[in-house]
Participant: 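Sharing a structure here in structure tokens format.
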Amino acid sequence: MAAQGENSFRLGDRLDRVLGAEAAQAWLVDVLCMAADATRRHQSPTFIADEARLLLARRLRGQHGSAELLQEHAAWCHAMAQALRDGLAHGADRDEEAANKLAARAKVWERQADELVVQARARAERRPAEAAQARLLHQADDVADALEEACFVLSLVALNRRQRWGEDVRTAMQALADAVLGAVQEHVKAVSIDSGGTADDADADSDAAIDALWRVMQAERQCDELLRAARRALAREITDPAALLLGNELAAALELASDHLLALGHALRRGTLEREGLAQ
């Protein structure tokens, strides 16, 4: 473990806590098999020690870094945005059972996203080079929180039976959810490009990532207008105070997700430009 360097392990670290119990067990099995084979071939203990170090280095390289964690986090955000958009399209605002199921799924997804943030922070403590990615994940978690909140509020909309939405409100909410989903999709694309590029196509990848991030920013401006349209529709159609409040809260949570995507997009863009030596 010490041979891997301070960026991988610190004094007192347990192997199973850094790699995870299953990965540590798998490494130990590999080492025992390799050692048994080397012993049969009368190879020296020094050779076995070198091979054990190499096996551990390969295990560490095989771990998901913070960049991959950011991709996975983006996928959870996409799952929430897609489910919310589909729920609105299929009338979850007036279907209490469907809305409750959506809220429960979103809560699970949001917790999965939270766990990725915790993992990134732990890795940044061991590997300072990953601190920037951990900060991005912390920002990305604001997006997940806003989307989960929107799913929860939708379940309250369905619970309130005193006044249902009319067609204008439903259309406005659907347009807002569509725009947020589009912004999340562009975020997923930007993160995927940023994390998966190679030296050969670095220029093209940087251009494509910047294009996707600009589309995230454009979607946020669109969401500002769609939020106002949703509020106008609510003011025209809804007279029940609870229904009006919940409708506004849902629209605001959706728009807040786009605001957090904008802030995250700026941070990702800044990171891309810094790698190109263009940041001011």
Side-chain angles (χ1 to χ4, degrees), residues 74 76-111 113 139-188 215-266:
W76 289 120
C77 289
H78 182 266
M80 282 188 274
Q82 182 76 59
L84 182 57
R85 180 260 179 202
D86 291 348
L88 286 167
H90 292 94
D93 58 284
R94 54 190 184 275
D95 186 337
E96 188 176 340
E97 181 180 359
N100 286 336
K101 287 181 179 178
L102 170 59
R105 291 203 311 275
K107 189 61 180 177
V108 172
W109 294 335
E110 189 264 340
R111 285 174 179 165
Q139 276 190 272
D141 213 40
D142 291 335
V143 180
D145 290 343
L147 290 169
E148 189 275 330
E149 176 69 12
C151 292
F152 170 69
V153 174
L154 181 59
S155 72
L156 299 182
V157 170
L159 181 64
N160 177 42
R161 301 178 183 179
R162 287 191 290 272
Q163 186 177 10
R164 297 301 191 186
W165 292 347
E167 192 59 33
D168 285 351
V169 171
R170 191 169 292 111
T171 299
M173 291 291 185
Q174 186 69 62
L176 182 53
D178 285 343
V180 171
L181 174 59
V184 173
Q185 288 170 337
E186 293 298 337
H187 167 65
V188 170
R215 287 191 290 273
V216 171
M217 296 172 195
Q218 290 164 356
E220 190 276 334
R221 288 192 285 270
Q222 181 188 13
C223 288
D224 285 345
E225 294 302 317
L226 291 171
L227 170 62
R228 294 184 176 188
R231 283 174 167 166
R232 281 193 293 268
L234 286 162
R236 282 195 302 266
E237 286 189 356
I238 305 299
T239 57
D240 176 67
L244 183 61
L245 173 65
L246 292 171
N248 269 298
E249 285 194 3
L250 175 58
L254 282 166
E255 199 273 335
L256 182 60
S258 76
D259 285 345
H260 289 314
L261 281 166
L262 174 64
L264 181 58
H266 280 304

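Just so you know, these numbers use all the heavy atoms, side chains as well, and skip hydrogens, waters and symmetry mates. Residues: numbered from 1 along the sequence shown.
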Participant: Output the distance between atom CG (Leu246) and atom CD1 (Ile238), rounded to the nearest 0.5 Å.
Facilitator: 10.5 Å

Participant: For the pair Glu148 and Arg111, evaluate salt bridge (charged side-chain N to carboxylate O under 4.0 Å, His left out) and give the outcome as yes or no after the intermediate values.
Facilitator: CA-CA 10 Å; Glu148 189 275 330; Arg111 285 174 179 165; over 6 Å; no

Participant: Which heavy atom of Val180 sits nearest to which heavy atom of Leu254, and what is that distance?
Facilitator: CG2-O, 3.4 Å

Participant: From Leu181 CG over to Met80 CE, what is the distance, rounded to the nearest 0.5 angstrom?
Facilitator: 12.5 Å

Participant: So, for Gln174 and Arg85, which heavy atoms are closest and what is the spacing to 0.1 Å?
Facilitator: NE2-O, 3.3 Å

Participant: Looking at CG of Asp141 and SG of Cys77, how far apart are the two atoms once the value is rounded to the nearest 0.5 Å?
Facilitator: 7.5 Å

Participant: Nearest 0.5 Å, what's the CD-CD distance between Glu186 and Glu220?
Facilitator: 14.5 Å

Participant: What are the two closest non-hydrogen atoms of Ala183 and Val216, and how far apart are they?
Facilitator: O-CG2, 3.5 Å

Participant: At their closest point, which heavy atom of Leu154 faces which heavy atom of Ala99, and how far apart are they?
Facilitator: O-CB, 4.1 Å

Participant: Hey, what do you get for CG (Leu227) to CE (Met173), rounding to the nearest 0.5 Å?
Facilitator: 8.5 Å

Participant: Tell me whether Gln222 contacts the main-chain N or O of Ala179 through its side chain, where contact means a donor paired with an acceptor under 3.5 Å.
Facilitator: no

Participant: Do side-chain atoms of Gln163 reach the backbone of Ala243 as a donor and acceptor pair under 3.5 angstrom?
Facilitator: no

Participant: For residues 99-110, which residue pairs qualify under side-chain hydrogen bond (donor to acceptor under 3.5 Å, both in side chains), counting only residues two or more places apart or in two chains?
Facilitator: Glu97-Lys101

Participant: Mind listing the closest non-hydrogen atom pair of Leu88 and Asp93 along with its distance?
Facilitator: O-OD1, 4.4 Å

Participant: Using the side-chain hydrogen bond (donor to acceptor under 3.5 Å, both in side chains) rule, collect all pairs that involve residues 243-260, keeping only residues at least two apart or in two chains.
Facilitator: Arg231-Asn248

Participant: Are His266 and Met217 side-chain neighbours, meaning at least one heavy-atom pair lies under 4.5 Å?
Facilitator: yes

Participant: Of the non-hydrogen atoms in Glu149 and Ala253, which two are nearest, and what is the gap between them?
Facilitator: CG-CB, 4.4 Å

Participant: In Å, rounded to the nearest 0.5 Å, how long is the span from CD of Glu237 to CD of Glu167?
Facilitator: 8.5 Å

Participant: Using the side-chain hydrogen bond (donor to acceptor under 3.5 Å, both in side chains) criterion, which residues pair with Arg164? Sequence neighbours excluded.
Facilitator: none

